[in-house]
There are 2 protein chains.
Amino acid sequence: MTQSPRQAAPRAQAQRRREPSGVTLRHVAAAAGVSVATASRAFSRPEKVDPSTRARILRLADDLRYVPNRAAQALITGRTMALGLMVPDLTNPFFPGVIKGAQARARDRGLSLLIADTDEDPGAELALVGQLAQRTDAIVLCSSRMPDDDLDRAARLCPVVLVNREHPGVPAVTFDSDAGVREAAVHLRALGHRRVGYVGGPAHSFSDAARAACLHAEFPAHGLEVVLLGNHDPSFEGGRRAADVVLSSDVTAVMVHNDVMALGLIGRLLDYGLDIPRELSVIGWDDIEFAGMFTPGLTTVRMPREEAGRAAVAYLEAALGGRPSEPPRLETRLVFRQTTAREHQRRPG
Amino acid sequence: MTQSPRQAAPRAQAQRRREPSGVTLRHVAAAAGVSVATASRAFSRPEKVDPSTRARILRLADDLRYVPNRAAQALITGRTMALGLMVPDLTNPFFPGVIKGAQARARDRGLSLLIADTDEDPGAELALVGQLAQRTDAIVLCSSRMPDDDLDRAARLCPVVLVNREHPGVPAVTFDSDAGVREAAVHLRALGHRRVGYVGGPAHSFSDAARAACLHAEFPAHGLEVVLLGNHDPSFEGGRRAADVVLSSDVTAVMVHNDVMALGLIGRLLDYGLDIPRELSVIGWDDIEFAGMFTPGLTTVRMPREEAGRAAVAYLEAALGGRPSEPPRLETRLVFRQTTAREHQRRPG
DNA sequence: ACATCTTGTGCACACGATTGCATGCCAGGT
DNA sequence: ACCTGGCATGCAATCGTGTGCACAAGATGT
């Protein structure tokens with residue numbers, strides 16, 4: 001008998017808190033009369049095991065209700081099969097849209113999605129990325145407000161893809177506002193408008209800068225003058241507060257940084273007794289579900305947000321799989337509803 | 001020299017795809033001149049290691065940017081430190097609210113939150129629970145539409161807490177509609193209403209049944225007759241479609257299964273030229289953010305949904321920690337806005 | 001008949017952390 | 001001097017899976 005120095009120590013086998021279904025590969029292997037290695041390969045390297053034994057193993061696994069232990073897989077494999085997704089505020093309907101798309105795609109591929117809400121606190125984002133990175137293979141940063149160098153650090157921490165923000169060296173799913181804005185321009189021009197205001201979002205928001213830039217690039221070419229009406233909180237209240245600035249300007253139409261703000265603005269103007277859209281045309285941004293539910297329905301630039309979510313995880317899948325790819329630039333379109341109408345001088349407010 | 005039969009086999013140490021920060025406990029231990037065991041204890045059993053060595057270990061860990069490998073911890077510990085949260089539809093603002101609360105609480109406790117959206121498919125829920133269960137310690141089932149026996153199976157799969165649904169033997173964070181509904185009753189009665197309709201949600205929805213039951217329990221006591229106006233899709237469109245039923249009934253006020261439906265209903269009635277609330281008072285359910293953003297502002301029964309999310313994870317924490325507790329029953333309140341007014345016979349529609 | 005390749009399987013190690021047990025050390029009681 | 005006991009630490013096993021390597025048996029080529 002060959003001496004075997006191993007196996008000497010008696011196995012204490014402490015009583016541990018175990019998962020409900022304590023069925024492991026070992027059990028399946030034993031039942032099938034094969035080694036754990038073969039059982040493992042039956043799942044992950046199908047071509048390396050005899051079809052009949054494989055079938056037997058799979059059937060037994062099923063009978064025993066075997067479910068692989070993801071932690072063990074993650075440990076040996078180095079891949080958690082989970083992705084992270086960070087958003088500034090779940091309460092803004094734009095983000096659940098992105099999540100929905102991301103989650104659907106992830107689920108299709110057997111990936112899980114961890115959600116983090118930063119509560120609009122740019123300072124907390126980097127730390128949160130750190131936390132997420134421990135449990136995921138890669139992260140989607142949606143409309144991140146992080147300072148540029150935090151972003152650099154984050155990208156070094158773990159594979160990252162941005163949505164609705166751009167930063168050199170970091171892949172990003174972006175929205176091409178041009179098409180939507182151009183449509184808005186011809187639309188407003190056709191209605192007779194000349195001077196249109198832009199009610200901006202947060203001062204250091206990337207997307208706000210992008211939107212303003214896009215306006216400046218497209219509107220003058222269509223004979224429209226754009227008037228900046230300040231930076232505001234990207235909330236309903238922010239929109240309401242912007243009402244006075246709008247009234248005291250002499251624009252006949254405004255574009256607003258996002259739909260929620262636009263709705264706040266309109267609500268406030270309605271309170272003032274203004275006739276929307278007769279006295280002021282309003283165009284929002286995002287096309288959240290509620291934009292179409294309001295009366296009057298909000299004309300707005302649609303951002304394909306579920307698609308953005310899907311594209312972001314698709315990109316990460318590819319990147320993790322070593323297949324290089326380019327995250328897409330998504331087209332926007334103007335959605336025509338009832339908050340835009342022929343230009344008409346309003347009575348002094 | 002003591003003979004050591006171990007350590008004979010040469011370590012091949014295959015080149016594996018490793019996490020970006022390849023720093024493990026072993027490195028920290030080596031740097032600190034202690035064993036991995038001590039290093040480990042420096043983190044998880046602080047009292048069992050000398051304060052000075054502990055300090056040294058922690059500092060070194062920090063310097064080396066050590067981050068513990070959650071997969072390894074999960075493997076040995078049997079705890080993933082992650083929770084799952086399943087919702088029917090992220091697009092309904094009620095659910096992001098719950099998620100926000102859950103996520104905030106989870107993050108505070110160092111837990112992660114996995115999100116699953118069932119896309120309103122009750123048949124898919126059980127399978128999704130199975131998937132989630134592999135990666136989490138416990139699951140929050142929010143407004144689950146699962147059939148009862150699926151629910152039983154799910155609960156056997158892994159620790160579960162329900163939100164906004166009840167089922168014998170399964171803990172649940174519930175909403176006590178009574179208070180809100182009672183307020184609605186006295187409110188409507190004070191405004192002179194007698195017959196109030198109920199525009200129901202999905203036929204087999206637990207919460208719809210609960211809400212209807214609550215109406216039947218409270219309204220007659222206040223001299224109000226309740227008229228059931230059918231079951232409808234819990235969406236904006238569903239609310240719009242319910243408009244005709246409402247018009248053809250002779251009620252002067254309606255309660256609607258949720259805010260989104262109420263908004264749809266109101267929008268449609270406005271289209272018909274109805275004066276809301278003069279000709280019909282409307283009360284919604286949930287108090288989603290947008291309820292207050294509409295014009296007219298929607299009077300509605302508030303559900304403290306972020307609190308529900310927090311309570312659900314708090315309950316699970318306790319349960320996993322072996323501390324038995326009872327998930328709370330949360331109070332609802334009526335939020336008075338502009339869609340309710342004195343009863344006033346409307347002109348025949 | 002023998003060399004070579006292919007195929008299917010098992011052995012054993014590795015992943016990174018936790019933890020029961022053993023051990024060595026030092027203080028204090030007798 | 002010796003025993004006792006607490007404290008700090010190390011050893012080694014363990015969690016469940018993946019995978020390189022070795023090996024046996026059968027297939028194939030000359």
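From a predicted model like this one, the values you see are computed outputs, not experimental measurements. Just so we're on the same page: letters track the sequence lines, and every chain starts at 1.
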Please tabulate, one pair per line, each protein N/O and nucleotide N/O from nucleotides 7-9 of chain C that are separated by under 3.5 Å, including the distance.
residue : atom : partner : partner atom : Å
C:dT9   : OP1  : A:Thr53 : OG1          : 3.3
C:dT9   : OP2  : A:Asp50 : N            : 2.8
C:dT9   : OP2  : A:Thr53 : OG1          : 3.3

For residues 28-45 of chain B, which residue pairs qualify under side chain to side chain donor-acceptor pair (under 3.5 Å), counting only residues two or more places apart or in two chains?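 Found B:Ser35-B:Thr38.
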
Side chain to side chain donor-acceptor pair (under 3.5 Å): which pairs involve residues 51-60 of chain A, sequence neighbours left out? A:Asp50-A:Ser52

Mind calculating the distance between [atom1] ([X]) and [atom2] ([N]) to the nearest angstrom?
X       : N      : atom1 : atom2 : answer
A:Asn69 : C:dA17 : CG    : C1'   : 14 Å
A:Phe43 : D:dG16 : CZ    : P     : 15 Å
B:His27 : C:dC15 : NE2   : C1'   : 12 Å
B:Gln73 : C:dC15 : CD    : C1'   : 14 Å
B:Leu25 : D:dG10 : CG    : C1'   : 14 Å
B:Leu75 : C:dT18 : CG    : C1'   : 10 Å
B:Arg45 : C:dG20 : CZ    : P     : 7 Å
B:Ile76 : C:dA17 : CD1   : P     : 11 Å

Distances under 3.5 Å between nitrogen or oxygen atoms of protein and nucleotides 25-28 of chain C:
none

Mind jotting down which residue pairs meet the salt bridge (Lys or Arg N to Asp or Glu O under 4.0 Å) criterion with at least one end in residues 81-92 of chain B? Sequence neighbours excluded, please.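 Applying salt bridge (Lys or Arg N to Asp or Glu O under 4.0 Å) to every pair that reaches into residues 81-92 of chain B, excluding sequence neighbours, yields A:Lys100-B:Asp89.
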
Charged N to carboxylate O under 4.0 angstrom, B:Asp150 versus B:Arg145? no

Walk me through whether A:Arg105 and A:Glu317 qualify under side chain to side chain contact (heavy atoms under 4.5 Å, CB included). CA-CA 10 Å; A:Arg105 169 92 193 204; A:Glu317 281 168 26; 3.0 Å; yes

Of the nucleotides D:dT17, C:dT18, D:dC11, which one has an atom closest to the side chain of B:Ala37? D:dC11

Under the criterion side chain to side chain contact (heavy atoms under 4.5 Å, CB included), I'd like the reasoning laid out for B:Met146 against B:Leu141: C-alpha separation, chi angles, the key distance, then a yes or no. CA-CA 10 Å; B:Met146 255 188 274; B:Leu141 259 27; 3.6 Å; yes

Where at least one partner belongs to residues 27-47 of chain A, residue pairs that pass ring pair (Phe, Tyr, Trp, His ring centres under 6.0 Å), sequence neighbours excluded: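 For residues 27-47 of chain A: A:Phe43-A:Tyr66.
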
